[in-house]
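Some notes on the structure that comes next.
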Amino acid sequence: MQENKGTNGKNQLRSSETTFGRQRTGARSLWRANGMRDEHFGQPVIAVANSFTQFVPGHVHLHETGQMIKSEIGKLGCFAAEFNTIAIDDGIAMGHDGMLYSLPSREIIADSIEYMCNAHKADALIAIGNCDKIVPGMLMAAMRLNIPFVYVSGGPMEAGKSNGESLDLIDAIVRGADSSYSDEELAQTERIACPTCGSCSGMFTANSMNCLAEALGLALPGNGTVLATHAKRKELMLNAARLIAENAKSHYFNGDNSVLPRTIATREAFMNAMSLDIAMGGSTNTVLHLLAIAREGEVEFSMQDIDNLSRNVPVLSKVAPSSKYHIEDVNRAGGVMGIMNELHKGGLLNPNVTRVEGGRLGEVLESYDITIHEPEEAAQSIYSAAPGNVVNTELASQHTRYEELDIDRENGCIRDIEHAYEQDGGLAVLFGNIARKGCIVKTAGVDSSVLRFTGRARVYHSQDEACDAILNDQVVPGDVVLILYEGPSGGPGMQEMLYPTSYIKSKKLDKKCALITDGRFSGGTSGLSIGHVSPEAAAGGEIALLRDGDAIEIDIPGRTIHAQLSDEELQARRKEEEQHQDKAYSPRKRNRKVSKALQIYSKVVSSADQGAVRIL
């Protein structure tokens with residue numbers, strides 16, 4: 001019988017429950033059938049969670065990565081076993097009832113990883129993801145399990161190039177509803193907007209989350225910004241494989257608990273990550289996901305924390321859809337570490353949090369600072385990784401390098417605090433009589449002319465109804481489009497609203513109208529788009545009481561959102577609504593088939609201010 005090495009350290013191997021003792025003869029026999037050899041018994045068993053799928057360009061290139069990582073872990077004496085989890089492409093699912101399944105899939109991803117790791121008693125976990133719900137689902141699972149963990153992304157997509165212009169998915173969607181573009185121009189846009197594998201090239205939710213994983217300390221520098229097509233992405237993956245093996249051994253054989261997710265992703269780390277999100281004008285979805293991840297780790301982190309940070313953190317980087325820049329440009333300017341370095345110089349980060357690769361954040365920021373006279377080779381190597389500008393779906397297929405890095409902190413992609421794009425943050429939390437528990441707006445995408453806006457309500461009980469109204473010119477300047485019953489429970493599933501916001505932009509109304517919803521937006525959304533209204537309509541939120549013609553006041557600098565209705569009028573409307581009894585606070589003008597799976601989700605999910613987590 002092999003000796004259980006884990007029992008000699010301070011932390012016993014979880015896998016020993018399946019690998020040691022006479023009663024585990026059958027389990028050991030099955031492990032051997034999986035490829036485990038004598039020398040593996042007593043070493044950590046590392047789960048490799050891969051989100052490969054041929055439905056999503058952000059994941060289509062991940063087919064071989066799990067086995068590549070397994071092989072690298074094996075070289076360090078550990079046994080690795082790969083399994084797959086689901087991934088939904090929001091761009092393909094958007095605009096129809098497929099989007100109802102997107103946010104709920106986050107919980108399924110977290111559950112599937114928990115199931116696999118706990119059922120087989122995995123000792124450690126490395127997760128390979130890339131897109132919107134997949135990244136937070138993996139991080140939620142890591143916080144639940146609290147075993148040695150490293151996250152590594154598949155990397156961002158290159159931006160499309162046409163006549164010196166950089167294009168992305170949002171350009172394709174917006175132009176599709178803009179009659180000024182010919183069919184030939186649309187066909188050309190369609191072919192070049194998404195030229196490679198990887199997560200869509202702007203600061204949309206996928207790339208925002210990959211950057212935040214790096215900021216939380218659970219992923220290596222470069223995770224959020226090194227392109228999927230570049231050889232550096234493969235190198236990053238191999239480094240992550242080596243790191244998880246080293247950290248697993250350190251935890252189980254040396255009693256090192258500093259490598260655990262809950263030790264790394266503390267309240268201070270979440271505050272740092274949210275500061276980065278505000279500074280880079282990330283997706284509003286990240287608020288939803290950070291709240292959920294924190295909740296899984298029992299970390300105190302709330303909408304009030306986000307509101308407080310948003311009042312003090314400036315916008316240091318604007319990326320598509322809010323500017324001409326794309327993620328490849330952020331990488332050239334020093335990536336996530338570059339933005340965090342500028343925040344640190346302004347005293348807006350806690351430099352003492354630890355990271356998965358060891359050391360404290362302040363030390364790592366110093367090592368990856370490209371603005372110093374002679375940057376370290378590791379930093380130059382990562383941030384000089386450039387797009388190949390060749391259409392392909394192959395991981396690490398090119399070695400192109402930038403001749404010069406972008407260290408211009410006055411006019412470049414990443415700014416210092418003195419030359420910030422805006423001194424007010426890129427995300428804001430608004431409160432008021434139609435959002436008692438808050439709502440979110442991506443201020444980095446709002447034109448300064450409409451930071452304060454008053455308009456008349458146009459109420460719709462579904463995204464589809466609102467889209468039809470916008471496309472048929474029923475929405476006019478001065479309108480506030482209200483989309484109700486699209487929250488986590490009311491949808492159910494809290495659909496992304498990229499199509500109505502894009503159509504508003506297509507109709508040239510993005511500086512003349514507002515959109516408010518208890519649903520959510522894609523990271524590709526811009527304009528005066530306010531989501532995550534809490535409590536949601538289906539939970540009895542005041543947003544359910546609004547009617548066509550009500551005057552709505554939005555004051556982003558003042559952080560308020562208000563219907564010009566007295567408390568008495570709102571109370572009278574509530575009594576009227578409640579007369580509908582079991583049909584109260586439900587859409588009575590909508591014909592939507594909801595599956596049993598989604599009905600179950602609807603009954604247990606919270607409003608957005610709690611991260612749309614399940615509450616039992």
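Count residues from 1 along the sequence.
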Pairwise ring-ring contact (aromatic ring centres under 6.0 Å, His included) hits with a residue in residues 392-430, at least two apart =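 Passing the test, one end in residues 392-430: no pairs.
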Any ring-ring contact (aromatic ring centres under 6.0 Å, His included) pairs touching residues 503-525, not counting sequence neighbours?
->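 For residues 503-525: Tyr499-Tyr503.
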Does the side chain of Ser153 come under 3.5 Å of the side chain of Arg233 through a donor N or O and an acceptor N or O?
->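 There is such a pair between these side chains.
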Test item: side-chain donor near acceptor, His326 and Asp168, under 3.5 Å =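 The answer is yes; a qualifying pair exists.
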Could you give the distance from [atom1] ([X]) to [atom2] ([Y]), rounded to the nearest 0.5 Å?
X	Y	atom1	atom2	result
Cys439	Arg559	SG	CZ	11.0 Å
Leu139	Ile293	CG	CD1	4.5 Å
Met138	Met140	CE	CE	13.0 Å

More than 12 heavy atoms of other groups within 6.0 Å of Glu404 CD =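 Counting other residues, nucleotides and ligands, CD of Glu404 stays at 12 neighbours or fewer.
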Mind checking whether Phe52 and His59 have ring centres under 6.0 Å apart?
->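 Between Phe52 and His59, the centre distance exceeds or equals 6.0 Å.
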Answer yes or no: is there an ion pair linking Lys508 with Asp178, defined by an N-O contact shorter than 4.0 Å?
-> yes
Determine yes or no for a side-chain-to-main-chain donor-acceptor pair under 3.5 angstrom, with Ser529 supplying the side chain and Leu515 the backbone.
-> no
Testing Ile440, Val533, Ile554, Asp555 for side-chain contact (heavy atoms from CB on, under 4.5 Å) with Leu430, which one passes?
->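 That would be Ile554.
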Contact list for residues 205-229, test side-chain hydrogen bond (donor to acceptor under 3.5 Å, both in side chains), sequence neighbours left out | Asn130-Asn210, Tyr151-Asn210, Glu158-Thr229, Ser199-Asn207, Thr205-Ser283, Thr205-Asn285, Thr225-Asn331, Thr229-Gln398
